[in-house]
S.K.: 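Starting off with a structure, shown below.
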Amino acid sequence: MANIVITGANEGIGYYLTEKLLADGHHVAVLDLRMENLRPLECDFPDRLLCFPADVRSEAAMEEAVEKILERFGTVDIAVHNACLCPFQKEEETDLSVYQQVFDVNYYGALRLAKKVLPHMRAQRRGKILFTSSGVGVTGFVGIAPYASTKGALEALAKCLNLEYSGDGVTFRVIHPPLTR
């Protein structure tokens, strides 16, 4: 049984990942802006699901949530950054501020999560940090340049940090879920 943190799990990939992990007996802590879809799971798994309304753009919110997770679970074995923004518009219609917002959630949110759990994982000499990425981070795609750019940056970040922390028992990976609704 693992203690797992997931950002962006009120719906979609994160929600179904949370549901499956709970069904498999794991403890799961979710950090998301919204929680309404998770309420039934909280009722079904009151001792194993923790929900924290937290914005991955806020270092203070991330720190507070991770501290509470550690108080309750004792360890964080796996951290999954799944929160993301994906605006659909042509580059010529996309203001620079959109790129900044998307990077703040998709890339810097992942980095914030990693920085909050890494000291604990290093101390326990084990842990896995996963970043939800996408094939478009490697291949590109029309109309989603900010999103695809962040996913490419996550690919590089995971590779670099995996090398850097290989001797500490902490691994970094990217996951590429298939197309989803």
Side-chain angles (χ1 to χ4, degrees), residues 1-10 12-22 24-33 38 48-52 54-86 102-138 147-178 180:
M1 177 177 352
N3 298 320
I4 303 165
V5 176
I6 304 174
T7 65
N10 185 58
I13 294 165
Y15 174 84
Y16 290 105
L17 178 59
T18 298
E19 183 180 57
K20 176 66 172 147
L21 291 168
L22 289 166
D24 288 349
H26 301 286
H27 291 97
V28 180
V30 170
L31 287 66
D32 204 323
L33 292 173
L38 294 161
R48 291 193 285 119
L49 176 61
L50 299 176
C51 293
F52 296 97
D55 189 336
V56 299
R57 296 172 292 189
S58 167
E59 190 167 340
M62 298 286 284
E63 185 169 341
E64 181 181 344
V66 169
E67 285 176 11
K68 288 180 180 177
I69 292 163
L70 288 166
E71 285 173 17
R72 177 80 179 272
F73 291 163
T75 63
V76 172
D77 303 307
I78 301 168
V80 181
H81 180 69
N82 183 66
C84 83
L85 289 177
C86 183
V102 174
F103 263 87
D104 202 16
V105 172
N106 299 5
Y107 179 81
Y108 289 111
L111 190 55
R112 284 182 195 99
L113 177 64
K115 285 184 170 292
K116 297 304 172 200
V117 299
L118 256 172
H120 309 285
M121 289 181 170
R122 288 182 72 207
Q124 65 197 26
R125 306 283 306 154
R126 64 181 165 73
K128 294 179 171 100
I129 299 175
L130 295 93
F131 302 139
T132 302
S133 187
S134 171
V136 300
V138 178
Y147 171 82
S149 299
T150 63
K151 297 306 182 175
L154 284 176
E155 301 273 337
L157 179 64
K159 289 174 187 173
C160 291
L161 295 180
N162 198 51
L163 292 170
E164 190 169 335
Y165 289 96
S166 64
D168 294 320
V170 180
T171 60
F172 290 81
R173 298 287 186 261
V174 294
I175 56 175
H176 289 196
T180 60

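All residue numbers in this chain count up from 1 along the given sequence. A quick note: this is a predicted structure, and the numbers were derived from the prediction, not measured.
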S.K.: Shortest non-hydrogen contact from Phe73 to Asn3?
M.R.: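 Scanning both residues completely, I find the closest heavy atoms to be O-ND2, 3.4 Å.
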
S.K.: Main chain of Ala83, side chain of His81: is a donor-acceptor contact present, judged purely on distance under 3.5 Å?
M.R.: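 Yes, His81 side chain to Ala83 backbone: donor-acceptor pair under 3.5 Å.
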
S.K.: Set out, in order, the CA-CA distance, both residues' side-chain angles and the distance that settles side chain to side chain contact (heavy atoms under 4.5 Å, CB included) for Leu21 and Ile78, then state yes or no.
M.R.: CA-CA 11 Å; Leu21 291 168; Ile78 301 168; over 6 Å; no

S.K.: One thing to verify: whether Glu155 and Lys151 come together as a salt bridge, which I'm taking to mean a side-chain N less than 4.0 angstrom from a carboxylate O.
M.R.: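 The answer is no: the pair does not qualify as a salt bridge.
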
S.K.: Run the side-chain hydrogen bond (donor to acceptor under 3.5 Å, both in side chains) test against Lys159 and tell me which residues pass, sequence neighbours left out.
M.R.: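 Residues passing side-chain hydrogen bond (donor to acceptor under 3.5 Å, both in side chains) with Lys159: none at all.
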
S.K.: Heavy atoms only: give me the nearest Asn106-Cys84 pair and the separation to one decimal.
M.R.: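 Closest pair (atom of Asn106, atom of Cys84, distance): OD1-CA, 2.9 Å.
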
S.K.: Taking all atoms of both residues into account, what is the closest heavy-atom pair of Val170 and Phe172, and its distance?
M.R.: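 Minimum heavy-atom contact is CG1-CE1, 4.0 Å.
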
S.K.: Does His27 reach the side chain of Ile69, with side-chain heavy atoms less than 4.5 Å apart?
M.R.: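 Of all side-chain heavy-atom pairs linking Ile69 with His27, none is under 4.5 Å.
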
S.K.: Short question: side chain of Arg48, backbone of Leu22 - any donor-acceptor pair under 3.5 Å?
M.R.: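 Side chain of Arg48 to backbone of Leu22, a donor-acceptor pair under 3.5 Å: yes, one is there.
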
S.K.: Look only at the side chain of Asn10 and the backbone of Asp32, and say whether a donor-acceptor pair between them is shorter than 3.5 Å.
M.R.: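 Not a single qualifying donor-acceptor pair exists.
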
S.K.: Of all residues at least two apart in sequence or in a different chain, which pass the side chain to side chain contact (heavy atoms under 4.5 Å, CB included) check with Cys160?
M.R.: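 Scan of Cys160 (side chain to side chain contact (heavy atoms under 4.5 Å, CB included), adjacent residues dropped) gives none.
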
S.K.: Main chain of Ile175, side chain of Ser133: is a donor-acceptor contact present, judged purely on distance under 3.5 Å?
M.R.: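 No, Ser133 side chain to Ile175 backbone: no donor-acceptor pair under 3.5 Å.
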
S.K.: Is Tyr108 atom OH crowded by more than 12 heavy atoms from other residues, nucleotides or ligands, each under 6.0 Å away?
M.R.: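 Count not over threshold, so no.
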
S.K.: Who are the side chain to side chain contact (heavy atoms under 4.5 Å, CB included) partners of Gln124, not counting sequence neighbours?
M.R.: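 With neighbours one apart ignored, the set is Thr75, Asp77, Met121, Arg126.
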
S.K.: Find out whether His120 and Val76 are in side-chain contact, i.e. whether some heavy atom of one side chain is under 4.5 Å from a heavy atom of the other.
M.R.: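 When only atoms from C-beta onward are counted, Val76 and His120 do not touch, as no gap falls below 4.5 Å.
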
S.K.: Would you call Asp104 and Arg112 a salt bridge, taking side-chain N to carboxylate O under 4.0 Å as the test?
M.R.: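 Salt bridge flag = yes for Arg112 with Asp104.
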
S.K.: Considering all heavy atoms of both residues, which atom of Val174 and which atom of Ala158 are nearest to each other, and what is their separation?
M.R.: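 That would be CG1-CB, 3.7 Å.
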
S.K.: Can Leu113 and Ile129 be said to form a side chain to side chain contact (heavy atoms under 4.5 Å, CB included), step by step?
M.R.: CA-CA 9 Å; Leu113 177 64; Ile129 299 175; 5.5 Å; no

S.K.: Which heavy atom of Gly8 sits nearest to which heavy atom of Asn82, and what is that distance?
M.R.: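 So the minimum-distance heavy-atom pair works out to O-ND2, 2.7 Å.
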
S.K.: Do you know the tightest heavy-atom contact between Met62 and Asp55?
M.R.: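 Residues Met62 and Asp55, closest heavy atoms: CG-O, 4.1 Å.
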
S.K.: Is the shortest distance from a Lys or Arg side-chain nitrogen in Glu59 or Lys116 to a carboxylate oxygen in the other one below 4.0 Å?
M.R.: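 Here Glu59 pairs with Lys116 in a salt bridge, since their nearest N and O are under 4.0 Å apart.
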
